[in-house]
**Student:** 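Okay, here's the structure, questions in a sec.
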Amino acid sequence: MENFEFRPILSGLPYQKSNRDGSFCHWLSTIRLSRIIFCILVVLVIVPIITHYYLSDVGSEQSKSFHSRNKLDLPDDLGSIKASEVKIRIEEMLRIKMSVNNELRDLEAKRQKLQSEISSLGMKIEELKNEAGRKVIDLDRIKLSISQAEVAHLEILERNQPELKLPAKLEPNPLIEILPMPSHDMESNCSIYSCLDFSRCSLVSNFPVYVYPFNGEGYEERISASLSQTLNYNPHITSNAQEACLFIYVNSSPESELRKNLQNLSHWAGDGRNHIIFNIGFFPKEMPSLSSHAVNENSTFGRAMIVQSVFHTYRPHFDLLVPPLLGPPGSDVWYDLPPLTPARRRYLLSYSGHLQSSSEVQKTLEQLTASSTSDEFYFEFQCFHPKNESDSSLCGTLQTRSAVLQQSTFVLIPLPPTDLTSLAVQLRLYEALKYGSIPIMVGNHNAKFLLPYEDVIDWNRAIIKLPTSRLPELHFYIRAVTDRDILAMRRQGRVLWEKYFGSIQSIVDSVIAVFRHRIGIPPPAILDEPSPSVFNETFVPLKTEAAIQDINGDLDENLGPIEPAYPSPKFQRNLTFSLLHGYEMWNTWTHPFHLFPQTPYDPVMPSDAKFLGSGLGFRPIAGGSGGSGKEFSENLGGNLPREQFTIVILTYEREQVLIESVARLNGLPYLHKVVVVWNSPRPPSPDLKWPEIGVEVHVIRTLKNSLNNRFLPYDVIETEAVLSVDDDAHLRHDEIIFGFRVWREQRDKVVGFPGRFHAWDLEHKNWAYNSNYSCELSMILTGAAFYHKYYNYLYSLVMPQAIRDKVDEFMNCEDIAMNFLVSHITRQPPVKVTSRWTFRCPGCPVSLSEDETHFQERHKCINFFVKVYGYMPLLNTQFRVDSVLFKTRIPHDKQKCFKFI
């Protein structure tokens, strides 16, 4: 007990732990590293083996258990049961299997049915969403249409242009007042305002003109018959002398009998007021002679106006100088004219005629011949058989003179020193214009030498006037004229010759038009083409509702309001058109003989006028504040009042294709009417169902199958804008509306989609039609193009008949002919819109354009049309038109003008 040492438990514990830690560390330090590694390897090998054995044993037991469960719960001793029991158990298991299979099939059918219902409901949901979107768009369109109707209603209430009614017609006094002949001074100073009785010439009288019967004595029989015929063709001629504004007396008597014959006229009224003495005549051969009919300066014919080719005394803007009657009675006169190109011909200058040896003109021409220049001249001063020995008389025959003129760039025409007119000068001018040699008229122009129709024709665009003192500078002057100016003057001369010189009909029509222009009466309205329906009066075609087709994926795009039909106003500028455009009527458009309902040349008002008292019909974007796509789609905007367009579809026995094309027009904004030109002699099928598209569809019965029917000025076309389409052309609504908006700013041009061009055939040295993809184009096919109805009148009534005949001959080329006509009038190329180049119509019957001879005929057409016009009027363009914001990045809260254009 004494040796026992007591230690507290708490203090002894850490002591024991430290001893153990120290002994373990001592033991580890005594063991070799190799033994430790060996032990670890043994453990790593033995543990996986034991684990694998255990898992394998467990898996085998589970497998045995699984296989035992798959047995038919049969007893271990199969021999102890009967076969019938086994059979019963097997049949029961088969029934269970069949029942399970049936249940599985029923479940699969239910699953498929549920999936089908889910898919159907999904499609219905999408359809309802689309329908809801359409209804929203329709609602927006209806709201927009209502707002547009409200604006139109306010315009009607507030309009400051009252409807005009025709004034009371001026009725001439049936009792003709006999007045004495005026004095010589009064007669020599006669003017339209002092010597004309305006009471006989009402503004709304259509300018009636009465022609006294004449027997044709003193004229060649051909001329007499032609005058009588052409005078009766003029729309102003009337057989009722009581209503006539003017009276025409064709003088066929010697001058000694003329005074007596005039006094015997039934409406001469003593002083000859409102009378025209048509005093033109010539020998039956090629040389005119007015010696027997020319009025000398001592003759007095009262207040009558004189029309003739030579004057000694002339009353400006009262009498009228006209060219001699050398052409045919009428019809086309192009066939005898040379082409305008090349600009520079073999001879730079020519002159053929008798000249006095001491004349300054002859000396200058002889110096030109002797000069050291590479230019060629043709001068002939001595005539073998001159008609007379007077100065500047003609030499040779018409054939020899025409041969020289067709090789001459310029031709010299000396003017007589004192006379106002000269027969030789008239003939030289006539032949020079006809054969394309630019006249250089040299003389004393201060004496006011007269030229035909001088108060309406701008001769500075067709001839060169030089004073005699500039003869030494003649060569320098004509060499300084560029090829462009040469061709421009030659073209203008040809146009003037064709319109006012080329035939007796053109001269007669020009004379009456000049006097009507002087008096200030509008031309007669040009006539529309009747539009008989292809359906009988008792037949009512079947109708069907046309669904709005999403042919362009833009049903969610608002392209404009759906408005009631609004025809374009017509004949609103009857009295002012000649005042503002008289120069262009006579010199540029060269058709002063008729008044058109509308033209593409109406003046554009200043932008502020539409907001300050002249806003009738205008639909500015957002009221004038502008905007992007949404505001743009709600109004037409632009520089002109609102308007609509008419679609003209030419078709021939392709009923289903036509019906589908018409149906695609359902819901198209700004559409006024659809006109179907039914070119087939057989009427449409009675059971054919025509789609209801919200506008009138008028089907026209034609007299014959002709492609020219496409461009007839039908009276059912009541808008200025015409969209000509083929029956198989597929155009999206946004493309149509964009083309319409572009045309509104390019009204005098063809605006459309598929472009073509004329190509020069290097091998054959002529023109060829080309439809390949190109960076230049010169034509827009009228199978999908906008143009002005004005060109329908020109195509059908003014364009040379030979072109329409060629279209009928080939059953082709009417679109080329229209492009030629518009380019000839405007001297501008067409306008292409959007990227569309061709049209595809899957399933459509074969069209004319797919015939293998189609392109060969178009080559021939182009070269024939060039012969008719005398030059190639088509011009190239290298751009197309897209909308303003196309491919422009805009803020997310803004819309583009068009989604895809």
Side-chain angles (χ1 to χ4, degrees), residues 130-153 531 533-535 540-568 617 619 633-636 642-649 651 655-678 684 688-700 714 716-725 727 729-741 743-744 784 786 898:
N130 293 335
E131 184 66 21
R134 295 191 188 108
K135 295 300 183 183
V136 170
I137 294 176
D138 290 343
L139 181 60
D140 292 339
R141 288 177 176 171
I142 292 173
K143 291 179 179 178
L144 182 58
S145 300
I146 292 174
S147 65
Q148 295 287 343
E150 290 175 349
V151 173
H153 180 67
S531 309
S533 175
V534 74
F535 305 111
V540 179
L542 301 177
K543 301 288 186 179
T544 182
E545 184 177 353
I548 298 180
Q549 304 181 36
D550 190 7
I551 63 171
N552 46 359
D554 64 347
L555 285 179
D556 59 340
E557 183 176 10
N558 184 13
L559 299 173
I562 304 300
E563 303 173 316
Y566 178 74
S568 298
R619 298 293 184 269
S633 64
E634 294 176 351
N635 294 283
L636 267 178
R642 68 174 178 133
E643 59 185 327
Q644 297 176 345
F645 60 91
T646 302
I647 292 182
V648 177
I649 304 176
T651 188
E655 294 183 348
Q656 192 56 41
V657 175
L658 170 67
I659 294 302
E660 292 175 359
S661 296
V662 174
R664 285 193 295 270
L665 302 176
N666 187 26
L668 181 61
Y670 307 116
L671 177 59
H672 178 265
K673 187 183 299 181
V674 176
V675 176
V676 177
V677 181
W678 191 266
L688 189 63
K689 294 184 178 180
W690 295 84
E692 292 276 9
I693 60 173
V695 298
E696 177 187 357
V697 178
H698 186 91
V699 187
I700 298 177
Y714 294 111
V716 294
I717 301 177
E718 299 178 289
T719 60
E720 298 183 54
V722 178
L723 173 58
S724 172
V725 296
D727 55 5
H730 286 217
L731 284 174
R732 304 197 314 260
H733 284 194
D734 60 339
E735 291 177 317
I736 295 175
I737 297 304
F738 176 66
F740 175 56
R741 287 179 177 270
W743 174 87
R744 279 170 47 84
F786 281 94
F898 294 90

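Throughout, residue positions are numbered sequentially from 1 according to the sequence presented. Heavy atoms only: backbone and side chains are in, while hydrogens, waters and symmetry mates are out.
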**Student:** State, yes or no, whether a side-chain contact exists between Val699 and Trp690 at a heavy-atom distance under 4.5 Å.
**Tutor:**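 With C-beta onward as the side chain, the pair touches.
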**Student:** At what distance, to the nearest 0.5 angstrom, does CH2 of Trp743 lie from CG of Leu723?
**Tutor:** 11.0 Å
**Student:** Determine the minimum heavy-atom distance between Ala663 and Pro691, stating which atoms define it.
**Tutor:**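 Heavy atoms only, the tightest pair is N-CG, 3.8 Å.
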**Student:** How far does CD of Glu563 sit from CD of Glu643, to the nearest 0.5 angstrom?
**Tutor:**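 The distance works out to 11.0 Å.
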**Student:** Atom NZ of residue position Lys543 - does it have more than 12 heavy atoms of other residues, nucleotides or ligands inside 6.0 Å?
**Tutor:**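 More than 12 within 6.0 Å, yes.
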**Student:** Enter the distance from His733:NE2 to Asn666:CG here, rounded to the nearest 0.5 Å.
**Tutor:**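 It is 7.5 Å, given to the nearest 0.5 Å.
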**Student:** So which heavy atom on Pro684 is nearest to which on Val534, and how close?
**Tutor:** CD-CG2, 3.6 Å
**Student:** So which heavy atom on Leu688 is nearest to which on Glu655, and how close?
**Tutor:**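 Smallest interatomic distance, heavy atoms only, reads CD1-OE1, 3.9 Å.
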**Student:** Name all residues meeting the ring-ring contact (aromatic ring centres under 6.0 Å, His included) criterion together with Phe645; count only those two or more places apart in sequence or in a different chain, and write none if there are none.
**Tutor:** Phe740, Phe786
**Student:** Under the side chain to side chain contact (heavy atoms under 4.5 Å, CB included) test against Pro567, which residue among Glu718, Glu720, Lys673, Gln644 passes?
**Tutor:** Glu718
**Student:** Please identify each residue that fulfils side-chain hydrogen bond (donor to acceptor under 3.5 Å, both in side chains) with Arg741, with sequence neighbours left out.
**Tutor:** none
**Student:** Which atoms form the tightest heavy-atom contact between Asp727 and Val657, and what is the distance?
**Tutor:** O-CG1, 3.3 Å
**Student:** Measuring only between side-chain heavy atoms, which start at C-beta, is Ile647 closer than 4.5 Å to Val662?
**Tutor:** no
**Student:** Output the distance between atom CG (Asn635) and atom CZ (Arg642), rounded to the nearest 0.5 Å.
**Tutor:** 11.0 Å
**Student:** Can you tell me how far the CD1 atom of Ile736 sits from the CG atom of Leu731, to the nearest 0.5 Å?
**Tutor:** 5.0 Å
**Student:** If every non-hydrogen atom of Tyr670 is compared with every non-hydrogen atom of Pro561, which pair is closest and at what distance?
**Tutor:** OH-CD, 3.3 Å
**Student:** Hey, what do you get for CD1 (Ile717) to OG (Ser531), rounding to the nearest 0.5 Å?
**Tutor:**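 That separation rounds to 7.0 Å.
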**Student:** Tell me every residue that passes side-chain contact (heavy atoms from CB on, under 4.5 Å) with Ile562, counting only those two or more places apart in sequence or in another chain.
**Tutor:** Ser145, Pro669
**Student:** On a heavy-atom basis, which atom in Phe898 and which in Asp734 lie closest, and how many Å separate them?
**Tutor:**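 In terms of heavy atoms, the two residues are closest at CE2-O, 3.9 Å.
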